[in-house]
Undergrad: 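Pasting a structure below so you can have a look.
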Amino acid sequence: MKNFGEIKSLLKNSLLLAVVSVQLVGCQTFKDKVVYAPAGDIMQSLAKEHTVPYMLGTEDVAVSCAMSEALSPLLMAFGRVTSNPDQLGVMLGLSAGACEEQRAWDNELRYLRAMRDLRPDEAEDALITQKRHLVSASKRQFTAYNHLVSYYGEPGGECPDLDDDFDQFIWMAGMLSGLQALNNELQSTSSIGVPKNIASKVERGTSCIDDDQWWGVPMAMKAAVWAMLPGALPHGENAWERLETAQAKGEAARVRLPNVLYAMAAFTNGKDELVKDIIRRHADQVKRHPANPDYALIDTTATIQLQALSDRLWTENTGHRTPMGGLGTFWDDKKESNVEVMDLDDLL
Amino acid sequence: MKLLKNIKALSVAAVVSTTAMSGVVQAEMIERSFCVWDPIGANGPLFNVMKSAKPSAMKWGINLELKAYTDEKIAAEDFKAGQCDSVLLTGTRAREFNKFTGSLEAMGAIPSSEEMKMILQTLTQPKAAQLMVNGEYEVAGILPAGAIYLYTRDRAINTVEELQGKKVATLDYDQASMTMVRHVGASVVGASTANFAGKFNNGSVDVAYAPAVAYTPLELYKGLGENGGVFDFALAQMNFQIIARTDRFPEGYGQKVRDYTSTRYEEAYKIVETAEAEIKKEYWMRPTAEQLEGYSKMLREVRISLRDEGVYDAKALRLMRKVRCKNNPTNSECSEKRE
């Protein structure tokens with residue numbers, strides 16, 4: 001009898017547990033489907049229709065970077081209850097990757113200063129720190145590229161339906177992420193699994209979007225790959241001429257992103273004088289022609305990326321980064337002044 | 001008054017010793033150039049690995065100035081002309097500066113990474129230093145780059161006999177490769193590291209050879225297509241070598257760099273393993289044991305004749321034979337000792 005009582009109580013408890021569990025599960029499903037999913041959809045469409053265009057119109061790259069780092073988990077978590085926010089993931093990954101790139105640059109400069117000061121331990125430490133940030137940047141950018149692949153399919157094959165401007169913009173951003181992921185992985189000297197054929201795929205994928213509409217960036221990406229990947233240059237093409245044309249398109253649109261790709265290709269090929277000319281011209285253009293207000297963030301990002309290259313050259317040669325207001329100038333520039341000077345002979 | 005005098009004396013001593021110390025650092029630090037061949041240039045993997053070595057070199061009193069070269073031939077020429085104090089090249093290009101280490105890429109001489117690791121470790125020993133020096137040049141480090149495989153656009157080309165009359169993208173500056181291609185009756189189509197992949201992918205050649213690290217970046221799978229295959233037989237073990245001009249560096253520099261380089265072997269092999277894993281399983285063409293034996297014998301004959309012609313170094317071939325025989329002592333070559 002005692003056993004029977006125990007069994008009865010056990011059954012009762014089990015039943016109660018089962019009912020509670022079913023209710024809880026049901027409740028979770030209810031919350032997911034009725035509360036979170038619509039919230040996710042709203043967040044996604046808010047981000048697509050307002051947050052992204054708003055951010056693109058601002059100039060504060062640091063705020064955009066901090067926002068991407070902070071909001072990535074919140075926004076991407078909606079992928080658990082509704083469709084995966086892949087397009088948003090491309091933007092967030094690209095932007096959050098740039099935060100890590102910035103940290104890597106600072107350590108590159110620390111490395112260069114330490115080498116100048118003959119402090120190898122400090123230099124080594126800076127290199128290690130730099131590589132850690134490059135690995136992290138590369139991972140974030142590769143995640144962004146994977147979001148692109150999961151939404152549109154792998155670049156390099158048939159072009160996906162890129163119906164509207166937003167699709168085309170994301171396509172371009174995702175491919176830039178892929179190139180950056182590869183570049184940062186190479187520089188980190190680590191193997192984190194970024195496929196080495198991204199460059200070739202991106203080179204083909206750029207043909208899916210209109211070069212004039214996107215400020216010469218598609219051609220600049222293509223030509224940069226030609227200039228950097230051995231054997232990639234098609235017969236009869238000239239990567240440098242194409243990059244120069246892309247530069248002019250970027251300037252005309254006042255979204256001067258092609259300059260970054262041009263300068264990267266020049267730097268990789270050891271054309272330091274060309275790098276300096278691109279930076280000079282960019283700084284001059286930015287002073288004279290303000291950025292396209294719809295894409296101010298991209299124009300500013302280009303300036304910051306070129307400033308990073310300029311800082312590297314300045315630090316290598318002087319020990320400090322580009323002076324304030326000095327973007328477009330270099331330590332070895334001949335100082336010329338058109339202000340007239342007085343004759344001092346009768347005073348001496 | 002005495003105290004003041006002492007303080008003064010101490011200050012003078014401190015200033016003098018500080019100046020002297022910084023003088024020592026400055027005096028000991030010598031500026032030397034290092035020309036690095038990297039097909040991708042200053043943002044490439046080899047250049048960045050070499051950049052990581054700069055702080056270590058500084059601790060040995062050398063401030064290395066790195067310069068990236070995308071053209072290996074120009075890097076070798078600039079080094080020869082004295083424009084670079086040291087250089088990083090592939091083993092085959094390095095042969096003109098050190099026949100011994102330049103023969104480590106000899107065809108079929110190192111069957112797998114296991115033997116390659118043994119050779120690298122052997123050559124890192126200080127007593128191997130004399131093999132590293134050749135007149136005014138010293139090999140200051142060897143980095144492994146993995147096995148070189150044969151890629152064919154048509155899987156029907158699965159024996160050496162089938163290679164007859166087929167077009168092979170061949171590095172035209174490498175006498176050994178030219179001899180080999182002609183030896184099997186194939187026709188040489190001159191190629192460089194920059195254009196061999198394009199020739200293979202667009203069908204200008206039937207066959208190409210390359211390390212696995214070239215497979216994904218150069219999209220060799222495009223040339224392989226539906227019908228192609230990769231022959232699972234290590235034609236050679238590719239490697240990169242750092243060559244220094246002995247008169248431009250202090251004594252002991254070569255050994256220090258070799259020791260440093262040996263700390264990077266695992267890293268290098270990880271990259272190679274990842275690259276080999278990227279080759280699709282269905283592409284691998286596995287030769288039979290009998291075929292393997294036949295190819296090994298054929299390549300041995302080619303090596304011996306290239307040695308007799310003065311292309312390969314006899315000591316290097318002997319070392320590699322000894323390593324092969326350590327792993328497979330029953331091989332007939334171990335008793336014949338022709339290498």
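Letters A, B, ... are given to chains in the order of the sequence lines, protein chains preceding strands, and every chain is numbered from 1.
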Undergrad: Find the one option among A:N197, A:L186, A:L182 whose heavy-atom pairs under 4.5 Å with chain B are most numerous.
TA: A:N197

Undergrad: Let's go through A:N183 and A:L179 carefully: what are the C-alpha distance in whole Å and the side-chain angles of both, what is the deciding distance for side chain to side chain contact (heavy atoms under 4.5 Å, CB included) to 0.1 Å, and is it a yes or a no?
TA: CA-CA 6 Å; A:N183 184 34; A:L179 283 185; over 6 Å; no

Undergrad: Checking B:K54 against chain A: side chain, backbone, both or neither under 4.5 Å from a heavy atom?
TA: both

Undergrad: If you count heavy atoms of other groups shown closer than 6.0 angstrom to CZ of B:R264, is the number above 12?
TA: yes

Undergrad: In terms of heavy-atom pairs under 4.5 Å with chain B, which of A:T189, A:D121, A:I198 leads?
TA: A:T189

Undergrad: Starting from the C-alpha separation in whole Å, work towards a yes-or-no answer on side-chain hydrogen bond (donor to acceptor under 3.5 Å, both in side chains) for B:Y209 and B:S177.
TA: CA-CA 10 Å; B:Y209 54 90; B:S177 298; 3.2 Å; yes

Undergrad: Evaluate the criterion side chain to side chain contact (heavy atoms under 4.5 Å, CB included) for residue pair B:N201 and B:L220; output intermediate values, then yes/no.
TA: CA-CA 6 Å; B:N201 288 345; B:L220 295 177; 4.3 Å; yes

Undergrad: Find the one option among A:E124, A:E122, A:Q187 whose heavy-atom pairs under 4.5 Å with chain B are most numerous.
TA: A:Q187

Undergrad: Is B:L46 in contact with chain A via its backbone, its side chain, both, or neither, using a 4.5 Å heavy-atom distance?
TA: neither

Undergrad: Is it the backbone or the side chain of B:K67 that comes under 4.5 Å from a heavy atom of chain A, or both, or neither?
TA: neither

Undergrad: Sort A:A199 into side chain, backbone, both or neither according to what part of it lies under 4.5 angstrom from a heavy atom of chain B.
TA: neither

Undergrad: Counting only heavy atoms closer than 4.5 Å, note whether B:D38 contacts chain A via side chain, backbone, both or neither.
TA: neither

Undergrad: Between CG of B:N227 and OH of B:Y283, what distance do you get to the nearest 0.5 Å?
TA: 9.0 Å

Undergrad: Heavy-atom distances under 4.5 Å only: say whether A:E316 touches chain B with side chain, backbone, both or neither.
TA: neither

Undergrad: Give, as side chain, backbone, both or neither, the part of B:Y69 having an atom under 4.5 angstrom from any heavy atom of chain A.
TA: neither

Undergrad: Would you say A:E101 and A:N184 are linked by a side-chain donor-acceptor pair, where the criterion is simply a distance under 3.5 Å?
TA: yes

Undergrad: Validate the cation-pi geometry between A:K271 and A:W240: distance from NZ or CZ to the six-membered ring centre under 6.0 Å, angle to the ring axis within 45°.
TA: yes

Undergrad: Under 4.5 Å heavy-atom distance to chain A, tell me which part of B:T70 shows up: side chain, backbone, both or neither.
TA: side chain

Undergrad: Give, for atom CD of B:E65 and atom CG of B:N63, the distance between the pair rounded to the nearest 0.5 Å.
TA: 8.5 Å

Undergrad: Given heavy-atom pairs under 4.5 angstrom as the criterion, report whether the side chain, backbone, both or neither of B:K59 touches chain A.
TA: both

Undergrad: For the interface with chain B, which of A:S200, A:S191, A:A114, A:S188 has the highest count of heavy-atom pairs at distances below 4.5 Å?
TA: A:S200

